[in-house]
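Each remark here refers to the structure printed beneath this line.
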Amino acid sequence: MLDKTFRPAEVEARHYALWEASGAFDCHPDSNAEPFCIMMPPPNVTGSLHMGHALNHTLQDVLARFERMRGRDVLWQPGTDHAGIATQMVVERSLAAEGGSRTALGRAGFVERVWAWKAESGSTITRQLRRLGASADWRRERFTMDEGLSAAVRKVFVRLHKDGVIYRDKRLVNWDPKLQTAISDLEVEQREIKGHLWHIAYPVEGLEGASIPVATTRPETMLGDTAVAVHPDDERYRALIGRHAILPLVGRRIPIVADPYADPETGSGAVKITPAHDFNDFEVARRHSLPLINIFDPHARLTDAVPQPYRGLDRFEARQRVVADLEAAGALLKVEDQTHSVPFGDRSGVPLEPWLTDQWYADAKRLAAPAIAAVEDGRTRFVPKQWESTYFEWMRNIQPWCISRQLWWGHQIPAWYGPDGAVFVEESEAEASAAAARHYGRTVALTRDPDVLDTWFSSALWPFSTLGWPDRTKELARYYPTDVLVTGFDIIFFWVARMMMMGMHFMGKAPFHTVYIHALVRDEFGQKMSKSKGNIIDPLVLIEKYGADALRLTLVAMAAQGRDIKLAEARVEGYRNFATKLWNAARFCQMNGCTPDHPFDPAEAGLTINRWLVAGVRRLAEDATDALVTFRFNEAAGALYHFVWHSFCDWYLEMAKPVLSGDDKAAAEETRGAAAWALGQILHLLHPVMPFVTEELFGALGYAGGPLITAPWPRLQHLPVDDAAVDEIDWIIRFVSTIRSARSELNVPPSAELDLIVENAGAATQRRAARHGPALSLLARLKTMEVTADKLPTMPKGAVQVVVDEATLVIPLAEIIDLDAERRRLAREIEKLESEIGKIDRKLGNSDFLAKAPAEVVEDQRERRAEAERAQAKLRQAAARLKA
RNA sequence: AGGCGCGUAGCUCAGGGGUAGAGCGCUACCUUGACACGGUAGAGGUCGGCGGUUCGAAACCGCCCGCGCCUACCA
């Protein structure tokens, strides 16, 4: 016998281990089944499970389990990402804690240390994904720095270099002075900062006492100025164009140039040009052949290129010093408060410096073109569709991708330099040496480029590198292109776009047919979860408290397309209650012999309730299937929740009770089989969302063909939908609800059993009442029920009258009834119907409505009016009889 | 500045040209042999505002207001 409540912890561990050991998660490359492949977005190896992971992997697991049950050969390819910067920072921090440092260890020692860290701590996240129930094929788990994947990276780099897509260039990059590395545009986080706008007077050479005012938010950069620009049409400064200004504090002669970049409306209209430390200024300098003066070292401290007093100062100290000196020199015109955005490193959290360095770039524009086309013509579609415009917007304006990083942890760039700086890009040192020997005509010593690649470079290859590329493996042929990618919108640019580009370039096909973009999980007030706000909800805590199924159902039920999820713990609790409800429904079935050993043919059900049940289950299966196929996860969850609770438990099992304990043995037997069948179908349909509780119940009730994880998905389209049975049960629900409502409003004690008279009963009502007497009595708490086609000649004293269809239900309540309450109730009902009739009359009185609305809509309104009027007449009559 | 999304019950949200929905919360009653993590019945809404299209708009279109996010720029 099942316990009174479901206890998830023990069940989850047991079933997960069984599933994994039984090979249920395994793909079958040799099978004849149609493949279905999902590439898991590899979580950072440093990661631990957060709500975003929980949502992302729940949705993937729902799809994987659904398609597996539908008979597809599912490969859900798992793995982790080496996460260059993040991992290097983690290991550096732990080194620092023990008094060591990266530089003290040296490169080889440090990398070894990171691998040791990975061996010890790198499986945290995958262990946690298992807790969630993720049914990935863990045998195939990959890591972006595995040898195979690393070989793929080298091959891609070399090929793209030979194709001219990858090249080396000296230009401004976003430099992170804390991490000491370049980063890509995407890793820049703009933050609004309250700062100042300093207006500085630059004296003009040859014009005694004249100066040109410039305005800046970064006064320290003036030390690197090499020009002042004004707009060519700006009357105020036209006379100064071609002259020179004398840079205060430095004394350098710098030209005053005309350039449309200078906006007369902004600042003073004259803009200082610091080409080595500003992206716009760099372009201006290029147009005017201005010199570049690099005033920062890699730590963003001032170099020897600035006057003596400032050398070696940190950029923030330098600012104070420069402002003070300008003021002392009388060159500071004014200072205004100004809010402006400042670029910060998303990992380091410090302001970035545009800095001139040699880096490796990928010509993303070239790679983007086929990737754009693939989405334009629908080879890859985004769900929801509006994300396609986000993708297009970025891809069509894509900038060169800086792919080198000055780190130690990552894929070292396969480029070697000869003694004269000639570069040899090859997949191995031996090949590079050979190429160099050919180039120089002799063997030379080569130096390898110390940089590593952007982490996203290797994840861009994930859809094919994990399948064995560049080898032509069976898996690659079978599972690429993959079916659906499930991910968050925050990495469309970082990852999705780059996989599209690399997939098109190297495989000739887009890596997925569908990209399903889900929302962000926020706290219950809509705030982004963050450590600093302290509003993080830990999925593992929720799993422990409510079970993985409850968390999964919550996330799935709230995963409406295109909307963020505001998660409150109360929601998880509510869905945990659903798991308990399901559990108890199964317990009821078990206690009443509604078990699968009782045969039932759903196509041949005899009893009305069972025919109704079959129709309901069939529709549920269709709805759930449709919803999952179209990624409407929330609708699938909603349909399942509603059917199980409000159809199966609230009505079916209640109506089944008198049958199960009744005298009709055949009816009881059929109902036992029907309940068991329906519960079995429900367990199948719920399994992708709630794998643990369904698997447990499936086993505990003795269903055959387990485990459920590999059981076939219900296909019930062939089953009958008996409209007459549906109408009949709807009538029962109306009948019972009407009586309950009256009882409640008149404060009839729930325990009181009533003697009911149904008068004016038509043929259908008489037949239905006769067939469902026991159920009606139980559900409406009746002692006796008398049904007559006639109208009662006299009303029993103190009788309540309610209307169901054509019949009037007369409930004698002489001892119990509160006559005033009953009068008020009737008046209220009549009033309600009156307003409804009024509404319909306004429509029917509109000749345009009659002329132009579809006939069935008009007819429907007429019927509704007639019905309302009939009910109202009966209630009026009842009110009259009550008085008498 | 541009783009995208959102505004529906106290809260969190579905829905979507013809009866206004769910969960939670709230109120009353009920420990009835599956379930109090439960049952029954209820209260609660001019669907952000203004126009337009339509026989009919909460839904479609336009504008406005408010909120959120993304991208770009900011001397």
Side-chain angles (χ1 to χ4, degrees), chain A residues 2 4-6 185 190 197-200 213-218 228-229 261-263 266-274 278 280-281 338-342 384 386-387 389-390 393-394 397 489-490 492-493 519-520 522 524-526 528 546 550 554 557-558 560 562-568 570-571 573-592 632 634-635 638 641-642 646 649-650 653-654 657 736-737 740-745 747-751 778-779 781 836 839-840 842-843 846-854 856-858 860-861 864:
Chain A
L2 294 170
K4 210 164 169 182
T5 54
F6 172 52
D185 299 347
Q190 298 291 340
L197 192 60
W198 284 273
H199 294 254
I200 308 166
V214 299
T216 180
T217 54
R218 298 202 55 195
V228 173
Y261 166 66
D263 177 4
T266 309
S268 63
V271 57
K272 59 191 272 311
I273 301 299
T274 319
D278 181 283
N280 288 307
D281 293 4
Q338 165 130 334
T339 302
H340 58 116
S341 72
V342 176
Q386 67 253 25
W387 290 111
S389 42
T390 303
E393 178 65 20
W394 189 70
N397 298 300
F489 62 82
D490 48 330
I492 290 178
F493 303 147
L520 221 60
R522 300 170 175 278
E524 60 185 304
F525 307 108
K528 213 165 168 170
Y546 303 107
T554 306
M558 297 180 81
R563 191 158 193 151
D564 283 346
I565 293 178
K566 291 182 199 165
L567 187 71
R571 298 298 295 259
E573 191 180 343
Y575 286 114
R576 184 276 318 269
N577 295 349
F578 174 76
T580 306
K581 186 75 181 177
L582 174 70
W583 182 266
N584 276 290
R587 188 162 176 264
F588 172 87
C589 287
Q590 191 185 45
M591 291 170 75
N592 287 279
R632 283 151 29 234
N634 59 316
E635 290 183 27
Y641 182 101
H642 193 266
H646 299 302
C649 292
D650 286 353
L653 292 182
E654 294 303 325
K657 280 175 182 173
V736 170
S737 299
R740 282 174 173 173
S741 191
R743 292 179 63 123
S744 177
E745 283 183 59
N747 297 319
V748 176
S751 54
L778 183 74
L779 297 180
R781 286 223 142 225
E836 195 185 336
K839 252 194 240 172
I840 298 172
R842 274 195 294 282
K843 278 187 190 174
N846 181 342
S847 56
D848 281 337
F849 173 73
L850 297 176
K852 295 183 180 168
E856 65 266 25
V857 171
V858 176
D860 187 49
Q861 293 295 319
R864 281 180 48 203

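Chain letters run A, B, ... following the sequence lines, proteins first, then strands; residues in each count from 1. All values below were derived from every heavy atom in this structure, side-chain atoms included, with hydrogens, water molecules and symmetry-related copies excluded. On a predicted model such as this, the values are computed, not experimentally measured, just so you know.
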Look at [X] and [N] and indicate whether a side-chain polar atom (N or O) is within less than 4.0 Å of OP1 or OP2.
X	N	answer
A:Ser744	B:A28	no
A:Lys657	B:A34	yes
A:Lys581	B:G39	yes

[X] near the nucleic acid: base, sugar-phosphate alone, or nothing, with a heavy-atom cut-off under 4.0 Å?
X	value
A:Cys649	base
A:Tyr261	base
A:Thr580	base
A:Thr390	nothing
A:Asp278	nothing

Please report, rounded to the nearest Å, how far the [atom2] atom of [N] is from the [atom1] atom of [X].
X	N	atom1	atom2	answer
A:Glu654	B:C30	CD	C1'	14 Å
A:Arg842	B:A57	CZ	C1'	16 Å
A:Gln190	B:C70	CD	P	12 Å
A:Arg576	B:G38	CZ	C1'	12 Å
A:Phe493	B:C70	CZ	C1'	7 Å

Exercise for review: Looking only at side-chain atoms of A:Arg587, point me to the closest of B:C4, B:C69, B:A34.
Suggested key: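 Nearest to the side-chain atoms of A:Arg587, counting from C-beta on, is B:A34.
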**Study point:** Side chain of A:Asp848 (C-beta onward), nearest among B:U40, B:G42, B:C55
**Key:** B:C55
Point to revise | B/S/- contact track for nucleotides 14-27 of chain B, protein heavy atom under 4.0 Å | key: S---BBS--S----
Exercise for review: Considering only NZ, NE, NH1 and NH2 on the basic side and carboxylate oxygens on the acidic side, decide whether A:Glu836 and A:Lys839 come within less than 4.0 Å.
Suggested key: no
Check your understanding: What pairs with A:Tyr641 under ring-ring contact (aromatic ring centres under 6.0 Å, His included), at least two apart in sequence or on another chain?
Key ->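 Testing A:Tyr641 for ring-ring contact (aromatic ring centres under 6.0 Å, His included), a comparison that skips the adjacent residues, returns A:Tyr575, A:Phe578, A:Trp645.
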